[in-house]
Amino acid sequence: SQASLDILQLVSENYVFRNIEIFCTCSIGIALAPQDGKDLDTLIKKADIAMYHSKDSGRNSFRFFNPAINRNMLDHISLISGMRKALQEKQFSLHYQPKIDLRTNQICGFEALLRWQHPEQGFISPAIFIPLAESSGLIIQLGEWVIQEVCRQAKHWYDIGLLQFTIAINISSIQFKRGNIDNLVLGALAASGLPPQYLELELTESLLIEDSDRLVTTLSHLRSEGVHLSIDDFGTGYSNLGYLKKFEVEALKIDQSFVRKMDDQSNDAAIVRAIIQMANSLGLKTIAEGVEDAPTLALLRSLGCTQAQGFYWARPMPADEVPIYCDMWEKNNAEAL
Ligand code: C2E
Ligand code: MG
Ligand code: MG
């Protein structure tokens with residue numbers, strides 16, 4: 001392990017390459033013969049597992065192979081390789097969940113949410129596979145597919161006259177940092193023919209906090225073309241709000257962990273109230289996530305929340321149900337008048 005420490009130390013020294021300082025870290029996995037295996041293949045496989053474990057525990061570290069973590073890591077590794085295959089074999093699909101404008105009672109958007117129908121394991125939740133896609137770098141390809149698929153689908157809805165609202169895509173901060181997301185999104189829009197004002201990107205708070213020049217340039221490029229921006233899971237990240245104006249974000253999505261516990265004795269209702277007041281004073285829209293019942297909705301209305309989304313109205317649905325849902329909504333609204 002002294003050798004490992006030496007390697008980590010050496011690799012993490014800064015290099016200067018063409019006047020640019022380069023930072024680099026590594027993660028080391030170690031397997032030992034004979035206890036972990038007697039042939040090269042087995043040893044490399046177990047060293048690989050240990051390496052993934054080391055990456056998971058924050059990188060720039062080393063780990064010995066440990067049979068106890070084996071099961072979990074093997075699951076992860078097989079899911080990651082399963083994901084590569086899934087992309088080729090079209091096992092991913094997108095479901096869409098409506099967002100409701102609480103003042104006009106109109107549908108004001110749909111959010112695209114990834115679904116993975118695994119051939120053996122059945123449905124796998126994005127809460128499980130998105131973090132794995134992020135740690136393996138697969139989020140780049142997966143995210144690209146999502147952007148293209150949403151543009152293609154939304155263009156179809158635009159053509160049949162359905163689109164009176166935006167379609168939102170979740171963008172991982174890793175995807176944002178690695179790829180040139182503005183050109184990717186604008187390229188997909190151009191290829192599909194969908195006008196940019198029908199597209200919305202949901203970004204995470206942690207991304208915006210970085211405040212780099214490149215981020216400002218990227219986001220204002222997208223905004224200047226008409227793409228909408230909102231912040232997902234708002235309230236779970238950082239409390240520095242200075243960045244909100246700077247990035248031309250238009251809406252805050254209040255995280256469901258606050259929304260769902262609003263009626264008990266906790267501070268959550270106070271947090272939601274504070275977020276809504278702050279958003280109002282900054283001229284931002286607020287979207288409450290995870291609304292499941294009428295009392296929560298009534299409370300949100302009284303707090304001045306402008307939009308909401310949740311099982312109370314609809315679960316995320318396959319694309320072909322979206323036009324039917326919109327029709328039904330129109331009819332119900334017409335009857336209520
Ligand atoms: P999110 O963007 O915050 O999406 C909202 C999640 O809450 C969705 O879970 C949705 O199905 C769920 N939800 C909506 N209304 C309710 C409700 O009333 N009650 C409850 N209990 N849940 C509700 P889902 O689809 O499992 O997605 C989980 C997360 O995975 C998303 O959170 C998002 O962060 C990520 N994700 C999903 N699709 C994508 C994608 O295409 N790209 C990226 N980067 N991330 C994605
Ligand atoms: Mg979202
Ligand atoms: Mg959210």
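Count residues from 1 along the sequence. Ligands are counted one by one from 1 in listed order, and the atoms in each one are counted from 1 as well.
- None of the N, O or S atoms belonging to Asp255 lies under 2.8 Å away from the Mg ion (ligand 3).
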Report task. For Arg260 and Glu289, run salt bridge (Lys or Arg N to Asp or Glu O under 4.0 Å): C-alpha distance rounded to whole Å, both residues' side-chain angles, the deciding distance at 0.1 Å, then the answer. Result -> CA-CA 9 Å; Arg260 296 233 294 279; Glu289 298 188 86; over 6 Å; no
**Report entry** Test log, rule ring pair (Phe, Tyr, Trp, His ring centres under 6.0 Å), inputs Phe110 and Tyr198
**Finding:** CA-CA 10 Å; Phe110 277 85; Tyr198 293 105; over 10 Å; no
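- When all heavy atoms of Ala112 and Val150 are compared, the closest pair comes out as CB-CG2, 3.6 Å.
- Within the 4.0 Å cut-off (strictly below), no protein heavy atom is located near atom 9 (O) of ligand 1.
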Query - Worked verdict on Lys253 versus Glu202 for salt bridge (Lys or Arg N to Asp or Glu O under 4.0 Å) - result: CA-CA 9 Å; Lys253 299 193 74 180; Glu202 295 191 1; 2.8 Å; yes
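- Note that CD1 of Ile128 and CG of Asp75 are 10.0 Å apart. Values are rounded to the nearest 0.5 Å.
- The backbone N or O of Asp182 lies less than 3.5 Å from no partner atom in the side chain of Asn180, so there is not a single donor-acceptor pair.
- By the 4.0 Å heavy-atom criterion, Arg260 is counted among the residues contacting ligand 1.
- Shown in contact with Val146 at under 4.0 Å from a heavy atom are these atoms of ligand 1, numbered in order with element: 41 (O).
- Under 2.8 Å from the Mg ion (ligand 2) lies an N/O/S atom of Glu111, whether from backbone or side chain.
- In terms of polar-atom proximity, Gln309 is not counted as a contact of ligand 1, lacking any N or O under 3.5 Å from an N or O of the ligand.
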Report task. Show the numbers, then the answer: is there a side-chain hydrogen bond (donor to acceptor under 3.5 Å, both in side chains) between Ser230 and Glu200? Result -> CA-CA 7 Å; Ser230 56; Glu200 175 173 340; 2.9 Å; yes
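- Close approach of ligand 1 to Gln97 is summarised as follows: ligand atoms under 4.0 Å from at least one heavy atom of the residue are 14 (C), 15 (N).
- Nearest residue to atom 5 (C) of ligand 1 from Gln175, Gln256, Arg315 is Gln256 (criterion: closest heavy atom).
- Scanning all protein heavy atoms for the shortest distance to atom 31 (C) of ligand 1 gives Leu113 CD2, 4.3 Å.
- Considering just the N/O/S atoms of Glu289, the one nearest the Mg ion (ligand 3) carries the name OE1.
- Numbered from 1 in the order shown, with element, the atoms of ligand 1 that lie under 4.0 Å from a heavy atom of Glu292 read 17 (C), 18 (O), 19 (N), 20 (C), 21 (N).
- Using a 4.0 Å cut-off between heavy atoms, Arg115 contacts ligand 1 through its side chain alone, with no backbone atom that close.
- A donor-acceptor pair under 3.5 Å is formed between the side chain of Gln97 and the backbone N or O of Ala314.
- Here Glu111 has side-chain heavy atoms under 4.0 Å from ligand 1, and that is the only part of it that gets that close.
- Looking only at distances, no side-chain donor or acceptor of Asp268 sits under 3.5 Å from a matching main-chain atom of Val259.
- Distances from the Mg ion (ligand 2) to the N/O/S atoms of Glu202 are shortest for OE1.
- Partner of Asn170 under the side chain to side chain contact (heavy atoms under 4.5 Å, CB included) criterion, chosen from Leu114, Leu113, Asp233: Leu113.
- Under 4.0 Å from ligand 1, not a single heavy atom of Asp255 appears.
- Panel note: side chain Glu205, backbone Gly235; a donor-acceptor pair is recorded below 3.5 Å.
- Within the structure, ligand 1 lacks Lys253 among the residues with a heavy atom less than 4.0 angstrom away.
- Closest to the Mg ion (ligand 2) among the N, O or S atoms of Asp232 is OD2.
- Residue contacts with ligand 1, taken as heavy atom pairs separated by less than 4.0 Å, involve Pro316 solely via side-chain atoms from C-beta onward.
- Nearest to atom 16 (C) of ligand 1 among the protein's heavy atoms is Phe311 CE2, 3.2 Å.
- Counting protein heavy atoms only, atom 24 (P) of ligand 1 is closest to Pro126 CG, 3.6 Å.
- Here the side chain of Arg63 pairs no donor or acceptor atom with the backbone of Ala47 at under 3.5 angstrom.
- Of the protein's heavy atoms, at least one falls inside 4.0 Å of atom 38 (N) of ligand 1.
- Within Asp233, the N/O/S atom positioned nearest the Mg ion (ligand 3) carries the name OD1.
- Of all heavy-atom pairs between Glu292 and Tyr312, the closest is C-CB, 3.7 Å.
- Of the protein's heavy atoms, Asn170 O, 3.3 Å lies nearest to atom 42 (N) of ligand 1.
- Set against the non-hydrogen atoms of Val291, the atoms of ligand 1 under 4.0 Å away are 18 (O).
- For Asp39 (side chain) and Thr42 (main-chain N/O), a donor-acceptor pair under 3.5 Å exists by modelled atom type.
- Classification of Lys331 and Asp327 as a salt-bridged pair fails, no side-chain N sitting under 4.0 Å from a carboxylate O.
- Considering backbone and side-chain N/O atoms, Asp232 comes within less than 3.5 Å of an N/O atom of ligand 1.
- Residue contacts with ligand 1, taken as heavy atom pairs separated by less than 4.0 Å, involve Ile130 solely via side-chain atoms from C-beta onward.
- Proximity of a side-chain donor or acceptor of Trp329 to a complementary backbone N or O of Asn105 within less than 3.5 Å is detected.
- Within a 4.0 Å radius of atom 29 (C) of ligand 1, the protein contributes no heavy atom.
- Annotation: Ser125 places no N or O atom under 3.5 Å from an N or O atom of ligand 1; distance criterion only.
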